[in-house]
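These numbers come from a predicted model, not from an experiment. Residue numbering restarts at 1 for every chain, and letters A, B, ... go by the order of the sequence lines.
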Amino acid sequence: MAETKIMLGNEAFARGAWEAGVKVSSAYPGTPSTEISENLAKYGDVYCEWAPNEKVAAEVAIGASIVGARSMCAMKMVGLNVAADPLYSFSYIGANGGLVAVVADDPGIYSSQNEQDTRMIGRAAQIPVIEPSDSQEAKDFIKFAFQMSEDYDTPVIIRSTTRLSHSQGPVVLEDRAVPEDRPYEKNIQKNVMMPAMAKKRHVAVEERMNRLSEDSCTFPINKATYDDTSIGFITNGIAYQYVKEACPHASVLKLGLVNPLPRKLIEEFASKVDKLYIFEELEPVIEEQVKSWGISCIGKDLFTRQGEYSANMLREKLLGEKIDVHPAEDIPPRPPILCPGCPHRSVFYAIHRLKLHVTGDIGCYTLGALSPLDAMDTTVCMGSSISSLHGIEKAKGKDYVKNWVAVIGDSTFMHTGVNSLMNMAYNQATGTVIIMDNSTTAMTGHQDNPATGKTLMGETVPMIDMEKLCRSMGIKNVTKIDAFDQEGLVKLLRQETQKEELSVIITQAPCALLKTVKFPYVCVEDREKCKKCGACLKPGCPAMAQNEDKTISIDPTMCNGCGLCMELCHFDAILKKER
Amino acid sequence: MVTKNIMIVGVGGQGTLLTSRILGGIITDAGYMVKLSEVHGMAQRGGSVVTFVRYGDNVAEPIVEEGQADILIAFERLEALRYCHFLKEGGALVVNDQRINPISVVTGQRQYPEHIMEDLEKDYRVFQIKAQEEALKLGNSKVFNVIVLGLAAQHMDFPKEKWLEVIEKKVPAKLADLNKKAFLVGYESGK
């Protein structure tokens, strides 16, 4: 009997790609997509890598596809924006070896900057989009996607969501079957996108999408189930599970291919049910198309464009059931925070003390925006801290940015920050850029990057020397400093921000959660000496608390002994002790 | 059987994921269909975290919704208060009586609510343990989550031996004995 295993959606994507014989995988980590590549790498017989960003990852997969191998790239939905350029054009070229881009959306914005819907990009780029609704389908549909990619000469996007990627469910395992690489023949009419060729390929793309719309009416991943025909749902992805839970007897058209839509199948389904609901998270992608065909249906008038859906939503809005619950009122929220011993806290506290304005970036350190550090003015997207600071200087002048810094992590700097810094160097900017080097991509759970000296496959490789990289751009002021040197940081920041030149400060200390980081010390309070001034509490370390008499106490099980509190105490009331 | 709904709530970093993996293991071994839903990424950094576990003959949605939980396992008492309305009438509230200050409390902007356990006991069937203290007695403060799981296990229909078997499988070999001991501390305290 085939083995069944409980798998995370992301684990199942990896399994499916492995079974489908994928040969090359490239990705940049991003919640909720990261575990796809991590799990695929564990099989050991697929080439897997972390690329510096999603555009590079997509282009790596494209190269492998063009010469006939099955390839994939994985990313979170905002990463798809970065990878959009190659994918839009590769849609015209089409796939030789099957190419699948797994893209994970984040309805409810658990760990992202926005709530964009990947299906919209699929439509815009004319790339088919497939959407599974549980772990088993994650595995089955990605295999289907590889085959479809080759059969229809197209890249395929698999759309996941946080709830699917990070839910576990049973998956029936099958063996890996690696197809022969498809032959590669030089064909500039198909593979070189210049105007003359692209015009012809646009015709082919339209023909392909029309053919898919027809053929997909009989695809097994699109499935109509008729029961009570007074209510019919068209639904996709995880939303299907909520329909099944709340309305088990309704008729359902479950769409596995959400772009292009199987028009005839939808028309048939609509004609057989009395009242048609479109139940799709985020944007009314299905609804608007169905309505444009003159079919009446109810969608976003009833169900929100925001956040995740649920079965309770259907029970309340459709079945009129009241969900009578009483949450406790007015309790302190618990937002995520920088960990005890986090080097970012020290850097942000120095910035906080100098009351500097900050263009921020994407990573754990975005948490520096929150109280009590309050050390961020803007966060837009990967790499934008540096380029935005440049724009601020060009708009307001050199004096204006003496009160500003850009803050970016090592992995984000490698991702796209490096381009922005090149721009500053090239265009003779004034400004101070802080690269917070914690030797990892921390937020997504510690992935390596070109500056860490390790690869996804576990090899040790030369690491990019960020100091030399900055100097090679012609930047004169490049300083490395220990991230926990609080007084040194304040002094250095004062000095560099006043220069009418470009300065880069690289703050160094590894992420406190890295397994290689040892904590030989623990900070211990001396209540006799404590003057109750609260200076040590200001950076907001979660290992610390104020007692009723206003003295402080440090939780030894949480403290990582970074010593920032000790450095801030003027009364020697905190000591570092060996564990 | 009717689908059973379990929630595990706590503070990011407390090990909710390990607990849900042990739970997933025992449920699968018993032959039920199980779905679990977890939180990764930013919320794991000291934020409030939730894991859903649902099992039965056939499970569709992977989340437990408000008013549906049979068992709510809370690793911290403020988090018990935050999510207690997810319990259904008569559901069991298993609480590790530990306090972890949210940052607004550390910096003095907010007060940590007093008398949480007493307030919860007015409205819910509460089963509590000071698992941190018990874990320290075993010589490793990290196993507190398995102690809490042991207490929660009293409200599920799996035999003790099965639990120990699954723990053996799910934790690294050198920590297996410690985790089994921890489980039993919680389990026996709930009798």
Note, A:Gln546 side chain near B:Val105 side chain (heavy atom, < 4.5 Å):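 The answer is no, as the side chains (C-beta and beyond) never meet within the 4.5 Å cut-off.
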Any A:Cys541 side-chain heavy atom under 4.5 Å of B:Val106 side chain: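 Counting from C-beta outward, A:Cys541 and B:Val106 never come under 4.5 Å.
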Using 0.5 Å steps for rounding, measure from the [atom1] atom of [X] to the [atom2] atom of [Y].
X	Y	atom1	atom2	result
B:Ser37	A:Leu164	OG	CG	9.5 Å
B:Leu78	A:Ile331	CG	CD1	5.5 Å
A:Met544	B:Asn101	CE	CG	12.0 Å
B:Arg21	A:Gln168	CZ	CD	5.0 Å
A:Lys538	B:Thr107	NZ	OG1	12.0 Å
A:Ser310	B:Ile63	OG	CD1	5.5 Å

Taking all non-hydrogen atoms of both residues, which atom of [X] and which atom of [Y] are closest, and how far apart?
X	Y	answer
B:Glu66	A:Ile323	O-CG2, 4.0 Å
A:Thr557	B:Ser141	CG2-OG, 4.4 Å
B:Glu65	A:Ala311	OE2-N, 2.7 Å
A:Ile6	B:Thr28	CG1-OG1, 3.4 Å

Most contacts with chain A, counted as non-hydrogen pairs under 4.5 angstrom, among B:Gln111, B:Lys35, B:Arg110, B:Gln109: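 Highest number of heavy-atom pairs under 4.5 Å: B:Arg110.
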Between B:Lys142, B:Glu76, B:Gln132, the one whose heavy-atom pairs under 4.5 Å with chain A are most numerous: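 It is B:Glu76.
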Side chain, backbone, both or neither: which part of [X] has an atom under 4.5 Å from a heavy atom of chain A?
X	answer
B:Glu89	neither
B:Phe86	neither
B:Ile100	both

Check whether [X] gets within reach of chain B through its side chain, its backbone, both or neither, counting any heavy atom under 4.5 Å.
X	value
A:Ile238	side chain
A:Leu8	side chain
A:Pro332	both
A:Cys342	neither
A:Glu308	neither

Over 12 foreign heavy atoms within 6.0 Å of NZ, B:Lys181: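 At most 12 heavy atoms, drawn from other residues, nucleotides or ligands, come within 6.0 Å of this atom.
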Charged N to carboxylate O under 4.0 angstrom, [X] versus [Y]?
X	Y	result
A:Arg163	B:Glu38	no
B:Arg99	A:Asp555	no
B:Glu61	A:Lys244	no

Select, from [options], the one with the greatest count of heavy-atom pairs under 4.5 Å involving chain B.
options	value
A:Pro170, A:Gly9, A:Ala545, A:Ser135	A:Pro170
A:Pro333, A:Ala328, A:Ser133	A:Pro333
A:Gly534, A:Gly540, A:Pro327	A:Pro327

